[in-house]
Asks: 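Would you mind keeping the following structure in view while I ask a few things?
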Amino acid sequence: PISKLSDYYKNFIGDLNIEEVFSYPAEHAMITDDYGSACNFLGSPFINNCNYSVAFHILSRIYDDIQYSTSSATNTSNLLKFDQRQYFIAPHVISMDDSGYLYVPTNCRPNSNKCKLHVVFHGCYQGLSFINTTFVEHAGFNQIAETNDIVLIYPQVYPTMLNPRGCFDWWGYTSPAYASNIGLQMIGVKQMIDRAAKLHYNPNDSPGERRTMHIGRAVQ
């Protein structure tokens with residue numbers, strides 16, 4: 001049962017850092033408040049509408065004073081595709097896709113504004129190869145990020161023979177160090193974070209220039 005997962009996490013971070021919610025009939029999925037399949041549905045895209053925003057509650061546990069917002073707050077032009085291959089040694093060998101996504105809230109475009117940074121990992125069967133950008137657009141994080149000035153990085157995994165479901169490594173298919181800071185996927189994600197923190201965004205660029213030059217230099 002899912003309660004066993006809570007017991008597992010308590011071995012590492014303690015009771016006060018864990019929030020348990022057992023009042024929704026949710027299946028195995030990313031739970032949202034306004035998008036997806038029925039709450040108790042099991043299947044693709046593994047995003048279920050239970051009238052509960054997991055994204056909001058995750059970010060509220062990490063950051064102070066997070067304001068709730070609906071999907072109408074999302075600015076779709078702020079979602080940018082980038083080339084993530086250079087962050088990984090032999091990216092396809094460790095199941096990393098060619099492209100990732102970056103959500104840059106409107107208030108985070110000027111260099112002078114200070115914004116938070118958050119990495120969002122999709123689940124199995126939720127990468128671009130399976131559901132295109134459905135997870136990136138509809139998991140519920142973008143609207144919260146837009147309202148609260150949080151830059152989001154969405155790394156992407158794709159399926160291989162060792163990883164047919166397109167999961168991030170949670171059992172060791174890349175190396176025994178998969179869950180540490182020397183894990184092959186995690187090394188690349190850390191480099192994404194370092195580059196994104198130095199992102200320079202010029203709002204006067206055309207959309208094409210914005211993607212190939214500024215986003216390209218920062219997180220390509």
Side-chain angles (χ1 to χ4, degrees), residues 2 4-14 17-18 27-31 42-47 54-55 58-59 61-62 79-103 116-142 145 150-199 215-220:
I2 196 66
K4 294 297 183 182
L5 180 62
S6 175
D7 294 339
Y8 172 78
Y9 284 136
K10 287 176 183 177
N11 291 319
F12 301 96
I13 59 177
N17 292 316
I18 297 173
E27 252 295 351
H28 184 74
M30 180 67 194
I31 304 305
L42 177 62
S44 184
F46 297 96
I47 301 175
V54 165
I58 287 174
L59 295 172
R61 295 290 295 184
I62 299 171
L79 184 63
L80 306 170
K81 185 178 182 179
F82 67 90
D83 185 343
Q84 65 176 22
R85 289 173 294 182
Q86 73 167 328
Y87 296 106
F88 303 96
I89 299 173
H92 291 177
V93 173
I94 60 170
S95 209
M96 297 307 300
D97 210 335
D98 291 343
S99 300
Y101 281 83
L102 183 78
Y103 187 86
K116 306 173 186 69
L117 180 63
H118 187 78
V119 179
V120 183
F121 295 102
H122 63 73
C124 303
Y125 294 119
Q126 289 186 317
L128 296 174
S129 298
F130 290 102
I131 59 172
N132 201 356
T133 58
T134 300
F135 180 85
V136 173
E137 295 185 78
H138 299 294
F141 286 94
N142 296 345
I150 304 172
V151 175
L152 301 174
I153 302 175
Y154 290 96
Q156 295 291 303
V157 163
Y158 86 132
T160 63
M161 289 184 63
L162 294 177
N163 178 31
R165 299 179 180 181
C167 311
F168 279 93
D169 191 359
W170 53 266
W171 68 91
Y173 69 79
T174 59
S175 78
Y178 69 96
S180 73
N181 60 4
I182 60 171
L184 298 178
Q185 291 180 349
M186 294 302 100
I187 288 173
V189 171
K190 176 56 166 61
Q191 292 183 51
M192 289 183 189
I193 293 170
D194 292 343
R195 293 288 293 276
K198 300 176 182 178
L199 177 65
I215 298 300
R217 275 201 301 267
V219 292
Q220 188 172 351

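Sequence positions, counted from 1, serve as the residue numbers for this chain.
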Asks: Give the intermediate values and the outcome of side-chain contact (heavy atoms from CB on, under 4.5 Å) for residues Tyr87 and Arg195.
Replies: CA-CA 10 Å; Tyr87 296 106; Arg195 293 288 293 276; 3.7 Å; yes

Asks: Report the C-alpha distance between Ile58 and Phe141 in whole Å, list the side-chain angles of each, state the deciding distance to 0.1 Å, and finish with yes or no for side-chain contact (heavy atoms from CB on, under 4.5 Å).
Replies: CA-CA 9 Å; Ile58 287 174; Phe141 286 94; 4.1 Å; yes

Asks: With salt bridge (charged side-chain N to carboxylate O under 4.0 Å, His left out) as the rule and sequence neighbours excluded, what pairs involving residues 167-192 come up?
Replies: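 Output for this query lists Lys190-Asp194.
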
Asks: Nearest 0.5 Å, please: how far is OG1 in Thr174 from CE in Met96?
Replies: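 Reported to 0.5 Å precision, the distance equals 10.0 Å.
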
Asks: Should Leu42 and His28 count as side-chain neighbours, where that means a heavy-atom distance under 4.5 Å?
Replies: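 SC-SC contact between Leu42 and His28 confirmed.
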
Asks: Is any side-chain heavy atom of Ile193 closer than 4.5 Å to one of Leu117?
Replies: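 Yes, side chains in contact.
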
Asks: Determine whether a donor-acceptor pair (N or O, by modelled atom type, separation under 3.5 Å) exists between the side chain of Thr160 and the backbone of Asn163.
Replies: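 Checking the backbone N and O of Asn163 against the side chain of Thr160, a donor-acceptor pair under 3.5 Å is found.
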
Asks: Any sub-3.5 Å donor-acceptor pair from Asp83's side-chain atoms to Arg85's backbone N or O?
Replies: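 Between the backbone of Arg85 and the side chain of Asp83 there is a qualifying donor-acceptor contact (under 3.5 Å).
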
Asks: Looking just at side-chain N and O atoms, do His92 and Asp97 make a donor-acceptor pair shorter than 3.5 Å?
Replies: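 Side chains of His92 and Asp97: no pair found under 3.5 Å.
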
Asks: Got a second to check how far Phe46's CZ is from Met30's CE, nearest 0.5 Å?
Replies: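 Phe46 CZ to Met30 CE: 14.5 Å, rounded to 0.5 Å.
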
Asks: Search all heavy atoms of Pro45 against all heavy atoms of Gln126 and return the closest pair with its distance.
Replies: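 Taking every non-hydrogen atom into account, O-NE2, 3.1 Å.
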
Asks: If only atom types and distance count, is the side chain of Gln156 paired as donor or acceptor with the main-chain N or O of Leu128 below 3.5 Å?
Replies: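 Here the side-chain-to-backbone pair exists.
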
Asks: Output yes when a side-chain donor or acceptor of His122 lies under 3.5 Å from a complementary backbone atom of Val157, and no otherwise.
Replies: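 Present.
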
Asks: Identify the two heavy atoms, one from Pro164 and one from Phe130, that lie closest to each other, and give their separation to 0.1 Å.
Replies: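 Looking at all heavy atoms of both residues, the closest pair is O-CZ, 3.5 Å.
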
Asks: Could you go through the side-chain contact (heavy atoms from CB on, under 4.5 Å) check for Ile18 and Ile13 one step at a time?
Replies: CA-CA 8 Å; Ile18 297 173; Ile13 59 177; 3.9 Å; yes

Asks: Which heavy-atom pair separates Tyr101 from Val136 by the least distance, and what is that distance?
Replies: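 Residues Tyr101 and Val136, closest heavy atoms: CB-CG1, 3.8 Å.
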
Asks: Does Ile182, at its CD1 atom, have more than 12 non-hydrogen atoms belonging to other residues, nucleotides or ligands within less than 6.0 Å?
Replies: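 No, CD1 of Ile182 has 12 or fewer neighbouring heavy atoms, counting only those of other groups under 6.0 Å.
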
Asks: Would you sort out whether Ile150 and Leu152 count as a side-chain contact (heavy atoms from CB on, under 4.5 Å), showing the intermediate values?
Replies: CA-CA 6 Å; Ile150 304 172; Leu152 301 174; 4.0 Å; yes

Asks: Rounded to the nearest 0.5 Å, what's the gap from OG on Ser95 to CZ on Phe88? Could you check?
Replies: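 Spacing of OG (Ser95) from CZ (Phe88) equals 10.5 Å.
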
Asks: Take a 6.0 Å sphere around CH2 of Trp170 and say whether it holds more than 12 heavy atoms from other residues, nucleotides or ligands.
Replies: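 Incorrect, the count does not exceed 12.
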
Asks: To the nearest 0.5 Å, how far apart are CE in Met186 and CD1 in Ile94?
Replies: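 Met186 CE to Ile94 CD1: 9.0 Å, rounded to 0.5 Å.
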
Asks: Please say whether more than 12 non-hydrogen atoms of neighbouring residues, nucleotides or ligands are located less than 6.0 Å from CZ in Arg165.
Replies: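 Open.
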
Asks: Can you pull the side-chain hydrogen bond (donor to acceptor under 3.5 Å, both in side chains) pairs that have at least one residue in residues 177-189, sequence neighbours excluded?
Replies: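 Every side-chain hydrogen bond (donor to acceptor under 3.5 Å, both in side chains) pair that includes a residue of residues 177-189, provided the two are not neighbours, is Tyr173-Gln185.
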
Asks: If you measure from CG on Asp98 to OG on Ser129, what distance do you get to the nearest 0.5 Å?
Replies: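 Between atom CG of Asp98 and atom OG of Ser129 there are 9.0 Å.
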
Asks: Once rounded to the nearest 0.5 Å, what's the spacing between atom CG of Asn17 and atom CZ of Arg61?
Replies: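 Asn17 CG to Arg61 CZ: 6.5 Å, rounded to 0.5 Å.
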
Asks: Using the six-membered ring wherever Trp is involved, compare the ring planes of Phe135 and Tyr154 and label them parallel, tilted or perpendicular (cut-offs 30° and 60°).
Replies: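 Geometry flag for Tyr154 against Phe135: perpendicular rings.
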
Asks: So which atom in Phe121 and which in Pro155 form the shortest heavy-atom distance, rounded to 0.1 Å?
Replies: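 Closest approach of Phe121 to Pro155, heavy atoms only: CE2-CG, 4.3 Å.
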
